[in-house]
Amino acid sequence: MNVSRRTLLRGGLAVAGGGLLAACSGRPGGSEIVVPTPTPLTPRSGRSVVTKTLTARPTTLDLGGPTVSTWAYDDVLPGPLVRATAGDLVRITVDNQLPDETSVHWHGVALHNAADGVPGLTQKAVTSGQQFTYEFIAPDPGTYFYHPHVGVQLDRGLYAPLIIDDPHEPGAYDAEWVVVLDDWIDGTGTTPDEVLADLMASGSPSGGMHGMGGMGGSPFGDAGDVTYPHFLINGRVGTTPDVLGAKPGQRVRIRVINAAADTIFAVALGDHRMTVTHTDGFAVQEQEAGAFYIGMGERYDVVVTLADGVFPLVASPIRKDGAALAVVRTGSGPIPTPARAAAIRELTGPVLLGSDLRPADSARLPDKDIGQGVDLALSGKMSTYEWAINGAPYGKNEPIAVESGKRVSVRVTNMTMMTHPVHLHGHTFALPNGLRKDTVLLTPMQRMVVELEADNPGNWAAHCHNIYHAEAGMMAALVY
Ligand code: C2O
Ligand code: CU
C-alpha cells in the first residue's frame, strides 16, 4: 500500500486532534492511515510452509517458586518457539482468548507490512474471541521474537522466541540454546496496566524508585521506571533456574533475547569469555567479551567453548536490585545461589556496548548516496508521565514520510536523561560504523545518525522499546 503525500498531510491534521486517549490505546487518531490488505504469498522456491496456532489466554504459571496469574501463549513461558528457515512461508493463526484485544508483532523481521501486527497501522486489532492469521516470508536469518503490539501486554507473559535459520550457514557449533530475559511483575499483586496507571498518576517521567544494586557504573543514567520483584531467564526465577546441559569442550551458540519491558541487563557466563557473532539477526565482526549489555528488544548471539563444571549464566539488571539466572552444567557440582551468581567477576570487568561492535562485511548496507533526511527526536515531560517523538506523543505527532527507494538518514536525538532502546519495524538500519540493528540504545542526550534503505513500503512503527514509554507516547509512524 502507499499513502500519498496529500493523504499524509490530512492524516497529520486529523491525528493532531486525536488526543491522549488515542495515544494510550496505541492507535493513531487519524483515520487516513490505510491498513494494507494482505496478499497471498508463496514460499521461496525449495522452501516450505511453517504452520502453527497460538492461543493467547489468561493462565496460571509457575515461575519456579512463585505462581502467578497472567496472560500467555499456549500456557507456557516463554511462549512456543517459532522456527523456520529463511524463505519459508510462516503462517501463524492467533486465537485470542484474552479478555482484551491483541495482535502479534514479529519483532525485527523485515516482513511485508500487512503481517507486522500493529493495530491502526497494519491491521485492526484482533478482538477478544477472534482469530487472525499472520502470513509472511522471513527474508533474513537470525534471532527474533514475537509479542503483542497492544497496550502493555508485552509485560505479561506474552512473548516468545522466533528463530530464522540460514540454509547456507555452516553452524560451527555443537549445540544451541535460546535464552530469553524478562522482568516480571504481573500477578504479584498488580498488573502491567496498574503499573502504567500508577506511573501516569505519579506525575513524573522518572517517578520510579531505583535500587542501588548491580552495574552502578553503567553508561545508561536513569535506566528504568519500574521496580520488579522478579527477573527471569526462560520463565524461571533464579532460585530454581533453567539448567542448560552440554559436554565440556563443546562449542555452544547462545541466542540471547531481552523481552523485558523496562530493564536493560548486563549478561555474563561465569568463568567464560563469550564471542559475540550477531546482533539483531545480523552478523558482526566476531568480538570477545566477558559481559555485554542488552536493551529491551535487542538480541545478541554468542558462541562459547564450555569448561568443565557448573556455571551461572547471569543477567544483571542495570540500576535495579536482583538478577536473572540460568545454570550451564557440563560436570558435577552444586547449583550456584543467585547471590553467588550475581557476584561473578565477569560482571565487574568491562561490559561490551552493542553499538561498539563492527558489522561483518556481509551485513553492510551497500554504499549509496543519502536521498532524504528525517528526524526522530525523543523527549519527555517533567511534569507528567508523557513521552514523545518529534515534539508530541503518538497520536498527536506527524507520521514521518519517507520516499520509497531512497537511502534515508535518520537523525535520532535523545533529549532526555534516560536511556531508550529505539526500535524500527520492517527494517534493519545501519549505525554510523555500518553495524546493522533494529533496536539501538540511546544513552541520555545521545545523538546518532542511522541509515535505512526504504525498500519495504508500508506503515511502520518507530518507538522506544521500554513498553511504558511507548504506551505513554514515545512512538511515531514512518510511512511510505
Ligand atoms: Cu518489539 Cu514495536 O516492537
Ligand atoms: Cu524509552
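Both ligands and their constituent atoms are indexed starting at 1 by order of listing.
When only modelled atom types and interatomic distance are considered, T416 and N414 share a side-chain donor-acceptor pair under 3.5 Å. A donor-acceptor pair shorter than 3.5 Å cannot be found between the side chains of D301 and T277.
In this structure, CZ on F429 lies 6.5 Å from OG1 on T439, to the nearest 0.5 angstrom.
Looking at E298 and H423, their side chains never come closer than 4.5 Å, going by heavy atoms from C-beta outward.
The ring of H465 has its center closer than 6.0 angstrom to the ring center of H107.
Note on atom 1 (Cu) of ligand 1: protein N, O or S atoms under 2.8 Å away count 3, no waters included. Around the Cu ion (ligand 2), protein N, O or S atoms at less than 2.8 Å number 3.
A salt bridge links E176 with R83: the distance from a Lys NZ or Arg NE/NH1/NH2 to an Asp or Glu carboxylate oxygen falls below 4.0 Å. Salt bridge status for R57 with D74: absent, with no side-chain N to carboxylate O gap under 4.0 Å.
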Evaluate the criterion side-chain hydrogen bond (donor to acceptor under 3.5 Å, both in side chains) for residue pair Q123 and S103; output intermediate values, then yes/no. CA-CA 9 Å; Q123 65 170 100; S103 73; 5.0 Å; no
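The neighbour count for R358 CZ, taken as heavy atoms of other residues, nucleotides or ligands under 6.0 Å away, does not exceed 12.
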